[in-house]
Protein chains: 2
Amino acid sequence: MSLPHAILTALLEKPSSGLELTRRFDRSIGYFWSATHQQIYRELGKLEESGLIRALPSEVPARGRRKEYEVLPEGRRELCRWVERREDPKVGRDPLPLRLRAAGVVGLRNLVPELARHRDLHLARLREYEEFERRDFPGGALTEQQRVQLLVLRGGIDMERGWVSWLTRAVDELGGG
Amino acid sequence: MSLPHAILTALLEKPSSGLELTRRFDRSIGYFWSATHQQIYRELGKLEESGLIRALPSEVPARGRRKEYEVLPEGRRELCRWVERREDPKVGRDPLPLRLRAAGVVGLRNLVPELARHRDLHLARLREYEEFERRDFPGGALTEQQRVQLLVLRGGIDMERGWVSWLTRAVDELGGG
DNA sequence: TCTTGCATGTAACTCGTTACATGATTTG
DNA sequence: CAAATCATGTAACGAGTTACATGCAAGA
């Protein structure tokens, strides 16, 4: 039950249309939660029906016409409940370690270059995050919201560092052997 | 499409019944991929129907009687194809960073103790993994399969270290004010 | 016989993915 | 007006979650 809450958060940060949300899920929000436009439109429909958000009034509502949403008080309350909820960590869902374990059984085949490719992708993402950190949080006084956003970004940084560290060693050890 | 391949890998490592697989998905395999018994039985049915695995012959096949499966040659070939496939990394799917970002909008409420709780859970898991490393890989000559298994374990270790590092700093910075 | 644990399943629902369909607006 | 782009959606399916149903076997 995370996508509706991700959408509520995004809409509280800034009221948006479905396509704008989709773009934001490809950028900032997308760094730690992904969603396609199909998921987003489906979820917007549900959230509107259950009275957590509403479409802003517009001239001629019709298919293909831009439709902007904002969060209603009940939506904000639901988001608060979600933040306060106690919820256990989920296990990872990247299939790469699984593929490595499979390679332990059927042989490494051509997996090492794939490990190296993933290492490069994670490294690129790490550099990108570090760049955001420099550019968007250049020191000095921060509001609480900014401090929290910086922490979220650093979460991404620590995770990517974990991947890079692991994959570097993996390529190193398997590549030479 | 990862669960069927996780099951094929597990069955190649050791032919098992559905319940045994479930237990293994709560232990070693479960450290990087989770599955409930319902998922597993459903998937075993599909894999058997498509000729990738078969049930070992038993005396009286009946509901409630143990049923053991093994991988057929076609199943092994499918697993090889999967290992060789090129597949991009998936973004994380733990909702905690999302909840922190939501807290940036609706206020921290009671989230810091929850962050501390997650830090402790990840730390406990990290200790567990490090214990496995000491106990199951005590140095000396390793087969290729063992080297790969050790790498997978170290992947888990690096990820957990990432979580612990992040959550420690988060609690530290937010807890004090 | 009753309970407990082992073991295999069904059903219903939600969430995520892929492919496709359709209308509105802008710009060459 | 043609093409590109903006924008909203449908349909079908696969994967994950939760609740429940059923049967077998061993020991108190």
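Just so we're on the same page: letters track the sequence lines, and every chain starts at 1.
Per the geometry, CZ belonging to A:Arg63 stands 18 Å off P belonging to D:dC6, to the nearest Å. Per the geometry, CZ belonging to A:Arg65 stands 11 Å off P belonging to D:dT8, to the nearest Å. Atom CG of A:Leu44 is separated from atom P of D:dT8 by 9 Å (rounded to the nearest Å). Regarding B:Tyr41, its OH atom lies at a distance of 12 Å from the C1' atom of D:dT22, rounded to whole Å. Rounded to whole Å, the distance from CD on A:Gln38 to P on D:dC13 is 16 Å. Regarding A:Arg42, its CZ atom lies at a distance of 14 Å from the P atom of D:dC13, rounded to whole Å. In this structure, A:Gln39 places its CD atom 18 Å from P of D:dA11, rounding to the nearest Å.
Nearest-nucleotide positions on DNA chain C place B:Glu68 closer to the 5' end than the other of A:Leu3 and B:Glu68. Heavy-atom nearest nucleotides on DNA chain D were determined for B:His37 and for B:Glu43, and the one closer to the 5' end corresponds to B:Glu43. Residue-to-nucleotide proximity on DNA chain C shows that, of B:Gly18 and B:Arg93, the 5′-proximal contact is made by B:Gly18. Position along DNA chain D of the nearest nucleotide to B:Ser2 versus A:Arg23 favours A:Arg23 as the more 5'-ward residue.
Looking at heavy-atom distances under 4.0 Å, A:Ser17 makes contact with sugar-phosphate atoms alone, never a base.
With respect to the salt-bridge test (charged N to carboxylate O, under 4.0 angstrom), the residues A:Glu130 and A:Arg127 qualify. Ionic pairing of B:Lys46 and B:Glu49 is not present here: no N-O contact between side-chain nitrogen and carboxylate oxygen is shorter than 4.0 angstrom. Salt bridge status for B:Arg117 with A:Asp88: present, with a side-chain N to carboxylate O gap under 4.0 Å. Ion pairing between a basic and an acidic side chain is recognised when a charged N comes within 4.0 Å of a carboxylate O; B:Glu13 and B:Arg24 show such pairing. With salt bridges taken as basic N to acidic carboxylate O contacts below 4.0 Å, one links B:Glu68 and B:Arg66. For A:Glu131 and A:Arg134, the salt-bridge test passes: some basic side-chain N is under 4.0 Å from an acidic carboxylate O. A salt bridge is absent between A:Glu48 and A:Arg54; no separation between the charged side-chain nitrogens and carboxylate oxygens falls under 4.0 Å.
Read 5' to 3', the first and last nucleotides of DNA chain C with an atom closer than 4.0 Å to a heavy atom of chain B are C:dC6 to C:dG16.
Side-chain nitrogen and oxygen atoms of A:Lys90 include none within less than 4.0 Å of the OP1 or OP2 phosphate oxygen of D:dG16.
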